[in-house]
Engineer: 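The structure follows.
Throughout, a chain's letter reflects where its sequence line sits, starting with A, and its residues are numbered from 1. Because only heavy atoms are used, hydrogens play no part in the values below, and waters and symmetry mates are left out as well, while side chains stay in.
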Amino acid sequence: MPPASALLDWYDAHRRSLPWRAPAGAIADPYHVWISEVMLQQTTVTAVIPYYHRFLERFPTVEALARAPLDDVLAVWSGLGYYSRARNLYRCAQELAALGRFPRDVDSLRALPGIGAYTSAAIAAIAFGAPVVPVDGNVERIAARVFAVEAPLPAARKLIAKKAATLNREKEARARPSDFAQALFDLGAGVCTPRTPACMTCPWNEACAARQQGLQGDLPRKAPKAQRPTRYGAHFLLVDPSGRFLLRRRPEEGLLGGTMEMPGAPWRDVSWSAEEASGYRPMKDRSSKLSWTPAGRVKHVFTHFTLFVDLYAARSLVALNPADDDGVFLSGEDISRMGMSSLMIKCLENAMYAMTKGG
DNA sequence: TAATCGTGGTA
DNA sequence: TTACCAAGATT
């Protein structure tokens with residue numbers, strides 16, 4: 001078993017200073033821990049930091065978050081991805097506000113929206129000093145190496161988690177649950193890295209079974225991933241005389257849920273011809289005089305598929321009244337107050353550029 | 001159990 | 001350029 005004291009000594013000397021972390025020896029604010037942990041799900045520290053600052057400035061407390069409109073939350077979240085996190089964060093804020101305080105134990109936290117096995121343990125350990133080991137990707141990797149688990153992920157996940165839970169058996173670890181958890185994060189982020197781990201500077205190198213067997217760079221093993229399919233869409237940028245854009249809201253559930261998009265054709269596995277796509281032009285029976293022109297193609301990579309979007313643009317010389325299913329005309333200022341995905345921002349920018357250049 | 005769900009950085 | 005990766009949750 002690797003010595004907890006060695007890890008904690010290393011942490012005391014090398015801990016990262018991060019916006020959501022309390023100073024050494026202080027207790028972190030559970031609200032700050034919660035927001036940061038949700039933002040950090042499948043997201044790098046570098047990407048999160050500016051979002052975290054803006055979020056805390058706009059929503060300083062649970063109460064402020066709970067009484068804000070959901071659109072405000074999605075607006076601040078725009079570009080961070082996995083938008084169900086923002087919706088669950090909002091739902092969770094309502095429940096917390098009703099409760100009047102933060103639950104302090106893992107099981108109560110685990111029952112809240114958007115808080116799963118990892119996040120409940122992380123909040124309990126970091127904000128409330130519960131003697132638990134939150135198992136994220138870092139801890140999973142560290143445990144797989146320290147105990148030389150050669151079975152591949154994701155099948156070995158439960159086994160690795162079980163072994164990771166034994167890392168804090170010593171009293172030194174259980175005396176400092178918050179520091180112990182964050183020490184594991186920092187070790188995984190800076191020393192026990194996925195590729196070419198820096199074993200020479202690792203406080204656990206002598207106890208590491210993978211290193212003893214020369215396997216440290218090969219663990220954790222991972223099952224091969226299926227290749228990413230390609231899908232195709234077509235979207236339409238319509239600009240009115242005052243420079244506003246026609247946008248509609250995507251369904252609350254599913255991909256990019258609740259964010260705004262340009263109207264268009266559904267995404268499918270074969271490309272849309274211009275003729276086919278024209279059937280999905282907005283304002284079809286409300287304005288026959290619109291002149292649609294091709295406005296480029298955008299490539300966007302999601303986790304589970306690659307998307308190519310054909311763009312078309314038109315500028316109306318007269319004010320238009322869109323039908324409900326066409327969407328609404330919004331100014332840039334309006335858009336900044338609502339959620340918009342990186343994909344749609346990219347599409348909007350490209351179509352605008354193509355239209356400006358073309359006419 | 002296996003899919004679904006974003007994005008930007010890096011080797 | 002492709003492939004992989006990041007403090008996972010939900011269904």
Engineer: May I have the distance from A:N88 (atom CG) to C:dT10 (atom C1'), rounded to whole angstrom?
Structural biologist: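 Between C1' of C:dT10 and CG of A:N88: 8 Å.
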Engineer: If you draw a 6.0 Å radius around CD1 in A:I27, do more than 12 non-hydrogen atoms from other residues or ligands fall strictly inside?
Structural biologist: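 Count not over threshold, so no.
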Engineer: Please confirm whether the shortest side-chain N or O distance from A:R141 to OP1 or OP2 of C:dA6 is below 4.0 Å.
Structural biologist: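 The answer is yes; a side-chain N or O of A:R141 sits under 4.0 Å from OP1 or OP2.
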Engineer: Can you find a side chain N or O atom of A:T119 that sits less than 4.0 Å from OP1 or OP2 on C:dA7?
Structural biologist: no
Engineer: Do the charged groups of A:D334 and A:R337 touch, with an N to O distance under 4.0 Å?
Structural biologist: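 Result for this pair is yes, salt bridge flagged.
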Engineer: With A:R157, which residues qualify under salt bridge (Lys or Arg N to Asp or Glu O under 4.0 Å), at least two apart?
Structural biologist: A:E140
Engineer: Would you kindly give the CG-to-P distance between A:L40 and C:dC5, to the nearest whole Å?
Structural biologist: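 In whole Å, C:dC5 P lies 19 Å from A:L40 CG.
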Engineer: With clusters built from Ile, Leu, Val, Met, Phe, Trp and Tyr whose side-chain heavy atoms come within less than 4.5 Å, directly or transitively, what are the remaining members of the cluster of A:V132, listed by chain and number?
Structural biologist: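 Joined to A:V132, directly or through intermediates: A:V106.
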Engineer: Of the residues in residues 2-21 of chain A, which ones touch DNA chain C at a heavy-atom distance under 4.0 Å?
Structural biologist: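 Within this stretch, A:R16, A:L18, A:W20, A:R21 sit under 4.0 Å of the strand.
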Engineer: Between B:dA3 and C:dA7, how many Å separate the two P atoms, rounded to a whole number?
Structural biologist: 24 Å
Engineer: Could you name each residue pair satisfying side chain to side chain donor-acceptor pair (under 3.5 Å) that touches residues 44-59 of chain A, not counting sequence neighbours?
Structural biologist: A:R58-A:D72
Engineer: Looking at A:A277 and A:F236, what are the two nearest heavy atoms and their distance?
Structural biologist: O-CZ, 3.2 Å
Engineer: Which whole-number value in Å describes the distance from A:R91 CZ to C:dA9 C1'?
Structural biologist: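 Taking atom C1' of C:dA9 as the reference, CZ of A:R91 is at 11 Å.
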Engineer: Just by distance, with hydrogens left out, do A:R315 and A:S291 show a side-chain donor and acceptor under 3.5 Å apart?
Structural biologist: no
Engineer: Rounding to a whole Å, what distance do you find between A:K299:NZ and C:dA3:C1'?
Structural biologist: 12 Å
Engineer: Please state how far atom CD in A:E37 lies from atom C1' in C:dG8, giving the value in whole angstrom units.
Structural biologist: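 Going from CD in A:E37 over to C1' in C:dG8 covers 11 Å.
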Engineer: When we call it a touch if two heavy atoms are under 4.0 Å apart, what does A:A181 touch: a base, just sugar-phosphate, or nothing?
Structural biologist: nothing
Engineer: Identify whether the distance between the nearest side-chain nitrogen and carboxylate oxygen of A:E172 and A:R176 falls below 4.0 Å.
Structural biologist: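 So A:E172 does not pair with A:R176 through a salt bridge.
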Engineer: Any chance you could list the contact pattern along nucleotides 1-11 of chain B? Use B for base contacts, S for sugar-phosphate-only contacts and - for none, protein heavy atoms under 4.0 Å, 5' to 3'.
Structural biologist: ---SBBBS---
Engineer: Nearest whole Å is fine: how far is C:dA7 C1' from A:L184 CG?
Structural biologist: 11 Å
Engineer: Sequence neighbours left out, what pairs pass side chain to side chain donor-acceptor pair (under 3.5 Å) with at least one residue falling in residues 245-274 of chain A?
Structural biologist: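 Only A:D71-A:R249, A:H235-A:W267, A:R248-A:E261, A:R250-A:E261, A:R268-A:E276, A:S271-A:R297, A:S273-A:E276 qualify under side chain to side chain donor-acceptor pair (under 3.5 Å).
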Engineer: For a quick test of reading the model: is some side-chain N or O of A:K222 closer than 4.0 Å to OP1 or OP2 of C:dC4?
Structural biologist: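 A:K222 to C:dC4 OP1/OP2: no side-chain N or O under 4.0 Å.
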Engineer: Taking only the C1' atom of each, what is the distance from B:dG6 to C:dC5 in whole angstrom?
Structural biologist: 13 Å
Engineer: Tell me: CD1 of A:I123 to C1' of C:dA9, nearest whole Å?
Structural biologist: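 Computing the A:I123:CD1 to C:dA9:C1' distance gives 13 Å.
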Engineer: Within a strict 4.5 Å, meaning less than it, do heavy atoms of the A:L246 and A:M262 side chains meet?
Structural biologist: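 Contact flag for A:L246/A:M262 side chains = no.
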Engineer: How long is the line joining CD1 of A:I115 and C1' of C:dA7, in whole Å?
Structural biologist: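 Interatomic distance, CD1 of A:I115 to C1' of C:dA7: 14 Å.
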Engineer: Let me spell it out: for each of A:V45 and A:G114, pick the nucleotide of DNA chain C with the closest heavy atom. Which residue's pick is nearer the 5' end?
Structural biologist: A:V45
